[in-house]
Protein chains: 2
Amino acid sequence: MQDGYGQFCPVALASELLAQRWMPLVVRELCVGATRFNEIRRGIPRIRPSLLKQRLDELERAGVLQRVPDAKQEGYGYQLTEAGRELRAVVGAIGQWGQRWARDIRDDDLDPGWLVWAMHRRLDTQAMPPGRTVIALTFPDAAATERHFWLVCERQQVDVCLKPPGFEPDLTVTTSVRVLAEIWRGLRPLSAELRGGRVRVEGAVALKRAFPRWLLLSAYAPIERPRVRG
Amino acid sequence: MQDGYGQFCPVALASELLAQRWMPLVVRELCVGATRFNEIRRGIPRIRPSLLKQRLDELERAGVLQRVPDAKQEGYGYQLTEAGRELRAVVGAIGQWGQRWARDIRDDDLDPGWLVWAMHRRLDTQAMPPGRTVIALTFPDAAATERHFWLVCERQQVDVCLKPPGFEPDLTVTTSVRVLAEIWRGLRPLSAELRGGRVRVEGAVALKRAFPRWLLLSAYAPIERPRVRG
DNA sequence: CGGTATCCCCCGCGATACTG
DNA sequence: CAGTATCGCGGGGGATACCG
């Protein structure tokens, strides 16, 4: 079954590698800059580590990435080669199409931990006040273990905490997972959700007013989604 | 296993549909204009009809195609919707990447029947003499049952025959499957293979000289393939 | 032509547990 | 942190036959 397609067409040869389960997500993580094994895993919470390792090995054999000693930290990191960097075009095409035409979001797609992890990559820390800004996120509709998150934002780095980080939050945001997910996807405007009270923000007035500019949303959010099909 | 990825990311939602086995090839066939079941099948010889039907049903449910009564012939045809037509960008990105970076062609990718089927879609009949032009193809290295093919070319239509069509060939082309496959992929120039005698053409001089202009090759052939990786 | 039906087998994948 | 080990299920591949 993992044999090829018996064709030398470039679409077929590429698909032998790329159209395997989980593969587009692994490539997506690498393209947005993840390098460490567990960093990739956080972006794909439901993949088994053994399968992730298998996929990474396949990508290495295909010349898409290299496993290199990590200079900054201990251990190894996965780095894209030129062939791997050019996969951005493939992931981008899939994402663009998905933004416009993929199925609607179901309740079991709504993983709050993944949402916060995705958001933490797309925060404009330059637009925040100097120093540290702590944002507490609360999803009243989520299961107890994934109801509270904290984003500890500094100029060069944003950390996601599952427990109170020890610093008092500067801003507290309360909303449902679906509302924030659809805002992140660009399917609802944040402004309307704030006005309608479906997103509630507590904190200093200056921070509350600046907050919408911190959220960069999904890279695909600007792409218009046509009317749902009948 | 065919459950989703548990993410509302557009890349993940699109991949649930598109990153299944065979799916990129099915979409490719639809994008190059195949509409009938057996027409799609000829472009994907190794797929089981039951699985092809399953994939087509998934695409219909996803709103990518519609099954409509075929006006010209009896039976039904599969037509892409707007969502389906926009998949050309995805197939195109995969094909471009594959042309540049996918693995080299192995012997078991070299299906001569598929090669001839792919070529028949990309023949410039406008460049041929008026009326009917019959090209006989011979692959001395192929198994007996797929050694001989005939392309019966008319202005609006090209037919692939597995048996002598009853018309004398105007041109007879003899070469190995690999050489012609790599020419079709743009990995070797036809001119050099003709000069080197690895492609032999028999027939009237005017036709022999015109023949190279009839072959439009793969749509991805113009894309340069970087040096093979080390 | 455009599929369906059936049986069998394999292995990719998921789940759980464990480790240097 | 970065994986490995083990077990079990079921989707997909192969072959063959059948049908409106």
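By convention in this document, chain letters (A, B, ...) are assigned in the order of the sequence lines, proteins followed by strands, and residues within each chain are numbered from 1. Bear in mind that the values here come from a model prediction, so they are computed numbers and not experimental data.
- Around the CD atom of A:Q79, the shell of radius 6.0 Å holds no more than 12 heavy atoms that belong to other residues, nucleotides or ligands.
- Note: CZ (B:R67) to C1' (C:dG2) measures 8 Å, nearest angstrom.
- Nearest nucleotide to the B:Q54 side chain, out of C:dG3, C:dC1, D:dG12: D:dG12.
- Distance from the side chain of B:R21 is smallest to D:dG13 among C:dC13, D:dG12, D:dG13.
- Taking every side-chain heavy atom of B:R55 into account, D:dG12 is the closest of D:dG12, C:dG14, C:dG2.
- When rounded to the nearest whole Å, the span between CG of B:L52 and P of C:dG3 equals 8 Å.
- For D:dG13, neither phosphate oxygen OP1 nor OP2 lies less than 4.0 angstrom from any side-chain nitrogen or oxygen of B:R46.
- For the pair B:L56 CG and C:dG2 C1', the computed distance is 11 Å after rounding to whole Å.
- Closest to the side chain of B:R48, out of C:dC13, D:dG14, D:dG12, is D:dG14.
- Between A:D104 and A:R185, no side-chain nitrogen of the basic residue sits less than 4.0 Å from a carboxylate oxygen of the acidic one, so the salt-bridge criterion is not met.
- Within 6.0 Å of atom CD in B:E154, more than 12 heavy atoms from other residues, nucleotides or ligands are found, so the atom counts as buried in its surroundings.
- Atom OH of B:Y5 and atom P of C:dG14 are 9 Å apart (whole Å).
- Closest heavy-atom contact between A:V26 and A:R55: CG2-CB, 4.4 Å.
- The distance from atom CZ of A:R41 to atom C1' of C:dG14 is 13 Å, rounded to the nearest whole Å.
- Within the 4.0 Å cut-off from OP1 or OP2 of D:dG3, at least one side-chain nitrogen or oxygen of A:Y78 is found.
- In this structure, the nucleotide among C:dC13, D:dG3, C:dC1 sitting nearest to the side chain of A:W22 is C:dC13.
- In this structure, B:I47 atom CD1 and D:dG14 atom C1' are separated by 14 Å, rounded to whole Å.
- Nucleic acid contact for B:E39: none, since no nucleic acid atom lies under 4.0 Å from a heavy atom of the residue.
- A salt bridge is absent between A:R67 and A:D57: the closest approach of a Lys/Arg side-chain nitrogen to an acidic carboxylate oxygen does not fall below 4.0 angstrom.
- Atom CG of A:L51 and atom C1' of C:dA15 are 12 Å apart (whole Å).
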